[in-house]
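Nothing fancy with the numbering, it's 1 onward along the sequence.
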Amino acid sequence: MEFFCYHRDRPGSLELRNELLEEHWSYMDRYAAEMIARGPTLDGDGDAPTGSVHIVDLPDPAAARTFAFGEPGYQAGVYRDVMLRRWRNLLGRTMWEFPGGDTDGNRYLVLGLGAGQAVDLEVPHEQHELIAYGPLLSDDGATWLGTAALVRAPDPDTARAVLTPDRYADIEVHRWQFGGRS
């Protein structure tokens with residue numbers, strides 16, 4: 001089962017986040033085989049982290065909760081909240097298999113928070129800029145809750161356009177970069 005996990009930073013927690021970076025990476029190293037994508041979201045200038053995205057393949061919702069809430073930054077109070085949802089990998093690959101590589105161009109996390117009838121359940125036709133893409137689902141996988149995508153795009157508006165406009169309660173766009181050890 002695939003899960004999307006987004007830890008959002010608590011204001012003023014950058015120093016603590018930086019202190020825990022090695023512990024965070026060591027924790028994530030234990031999940032290297034299960035990792036589909038990972039990396040920080042960044043402020044508008046791309047200078048400071050604002051959150052941490054992980055997409056992982058784990059046995060069940062209980063294992064996903066252990067992953068999300070056992071993370072050292074979460075345990076120490078770095079994050080203000082955690083979004084944890086089942087996710088379906090419609091591209092069938094990891095971020096490391098993205099043909100565009102890990103450094104060229106601007107990268108974004110696009111989160112469409114569901115409202116009403118499911119939408120964007122198929123991979124968009126223009127998929128060559130998609131790093132990861134799939135629906136956000138309830139724990140049992142039966143209810144659509146939105147869509148999450150990692151995308152390379154020239155700007156936030158172009159990234160946002162990967163989702164169907166006016167079909168979501170909200171669409172968030174965050175600067176994002178490939179994560180993990182250098």
Side-chain angles (χ1 to χ4, degrees), residues 1-11 28 34-57 64 68 79-180:
M1 288 180 187
E2 297 150 336
F3 294 88
F4 173 87
C5 181
Y6 183 26
H7 292 88
R8 296 175 195 253
D9 287 14
R10 182 176 45 80
M28 292 303 158
E34 293 85 4
M35 202 66 65
I36 296 167
R38 68 186 284 187
T41 54
L42 305 166
D43 65 12
D45 296 327
D47 294 331
T50 60
S52 192
V53 172
H54 296 90
I55 303 175
V56 291
D57 189 354
Y79 307 116
R80 69 177 165 96
D81 61 56
V82 178
M83 175 188 286
L84 180 62
R85 301 283 185 265
R86 286 268 308 269
W87 187 76
R88 189 174 308 123
N89 187 356
L90 295 183
L91 298 178
R93 67 175 185 227
T94 70
M95 71 179 204
W96 297 277
E97 297 166 304
F98 171 60
D102 62 355
T103 57
D104 202 26
N106 298 322
R107 312 303 169 98
Y108 299 93
L109 164 64
V110 182
L111 280 177
L113 305 177
Q117 197 153 357
V119 66
D120 295 328
L121 297 174
E122 305 278 327
V123 176
H125 294 293
E126 296 293 322
Q127 63 176 293
H128 62 280
E129 296 297 326
L130 294 175
I131 299 163
Y133 184 89
L136 299 168
L137 305 166
S138 59
D139 276 359
D140 64 4
T143 304
W144 176 83
L145 303 172
T147 306
L150 299 172
V151 60
R152 180 172 66 180
D155 55 66
D157 289 336
T158 304
R160 178 184 305 276
V162 74
L163 299 184
T164 304
D166 304 323
R167 295 296 304 274
Y168 293 89
D170 189 26
I171 297 177
E172 300 176 9
V173 180
H174 305 271
R175 287 175 85 57
W176 175 82
Q177 70 183 24
F178 277 56

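For residues 162-180, the pairs satisfying salt bridge (Lys or Arg N to Asp or Glu O under 4.0 Å) are Arg8-Glu172, with sequence neighbours left out. The side chain to side chain donor-acceptor pair (under 3.5 Å) analysis of residues 44-54, with sequence neighbours excluded, yields the pairs Thr41-Thr50. The salt bridge (Lys or Arg N to Asp or Glu O under 4.0 Å) contacts involving residues 131-146 comprise Arg65-Asp139, where partners must be two or more places apart or lie in separate chains.
Take Asp102 and apply the salt bridge (charged side-chain N to carboxylate O under 4.0 Å, His left out) test, not counting sequence neighbours, and it matches no residue. By the salt bridge (charged side-chain N to carboxylate O under 4.0 Å, His left out) test, Glu129 pairs with Arg152, sequence neighbours left out. By the side-chain contact (heavy atoms from CB on, under 4.5 Å) test, Asp120 is found to be paired with Tyr133, Thr147, Leu163, Thr164, Tyr168, residues two or more places apart in sequence or in another chain being considered. Evaluation of the side-chain contact (heavy atoms from CB on, under 4.5 Å) rule for Ala148 yields Phe4, Trp87, Leu111, Leu136 as partners, not counting sequence neighbours. Under the ring pair (Phe, Tyr, Trp, His ring centres under 6.0 Å) criterion, His7 pairs with Tyr79, sequence neighbours left out. Applying the ring pair (Phe, Tyr, Trp, His ring centres under 6.0 Å) test to Trp176 and every residue at least two apart in sequence or in another chain returns Phe178. The ring pair (Phe, Tyr, Trp, His ring centres under 6.0 Å) search around Tyr6 returns His174, not counting sequence neighbours. Shown here are the side-chain contact (heavy atoms from CB on, under 4.5 Å) partners of Arg10, two or more places apart in sequence or in another chain: Ser13, Leu16, Arg80. For Asp9, the salt bridge (charged side-chain N to carboxylate O under 4.0 Å, His left out) partners are Arg17, not counting sequence neighbours.
Remark: the backbone N or O of Ile171 is paired with a side-chain donor or acceptor of Arg160 at under 3.5 angstrom.
Pairing each heavy atom of Pro40 with each of Gly179, the nearest pair is CD-CA, 4.1 Å. Looking at every heavy atom in both residues, Asn89 comes nearest to Glu2 through N-OE1, 2.9 Å. The minimum heavy-atom distance between Ala149 and Val162, with the atom names listed, is CB-CG1, 4.3 Å. Considering every non-hydrogen atom in both Leu121 and Pro135, the closest pair reads CD2-CB, 3.9 Å. For Phe98 against His128, the heavy-atom pair with the smallest separation is CE1-O, 3.5 Å. Shortest non-hydrogen contact noted between Pro154 and Asn106 is O-ND2, 3.0 Å.
When the shell of 6.0 Å around CD of Glu97 is examined, it contains more than 12 heavy atoms from other residues, nucleotides or ligands. Counted within 6.0 Å of CZ on Arg88, heavy atoms from surrounding residues, nucleotides or ligands total 12 or fewer; the atom is thus considered open.
Separation of atoms OG1 (Thr103) and CD (Gln177) is listed at 11.0 Å; rounding is to 0.5 Å. The OG1 atom of Thr94 lies 10.5 Å from the CG atom of Leu91; values are rounded to the nearest 0.5 Å. Between the CZ atom in Arg38 and the CD1 atom in Ile55 there is a gap of 12.5 Å [rounded to 0.5 Å]. Here the straight-line distance linking atom OG1 of Thr143 with atom CZ of Arg85 works out to 11.0 Å at 0.5 Å rounding. Note that the CE atom of Met28 and the CE atom of Met35 stand 5.5 Å from one another [nearest 0.5 Å]. Taking CZ of Arg107 as the reference point, atom CG of Asp104 lies at 7.0 Å (rounded to 0.5 Å).
Here the side chains of Met95 and Leu150 are not in contact, with every heavy-atom distance at 4.5 Å or above.
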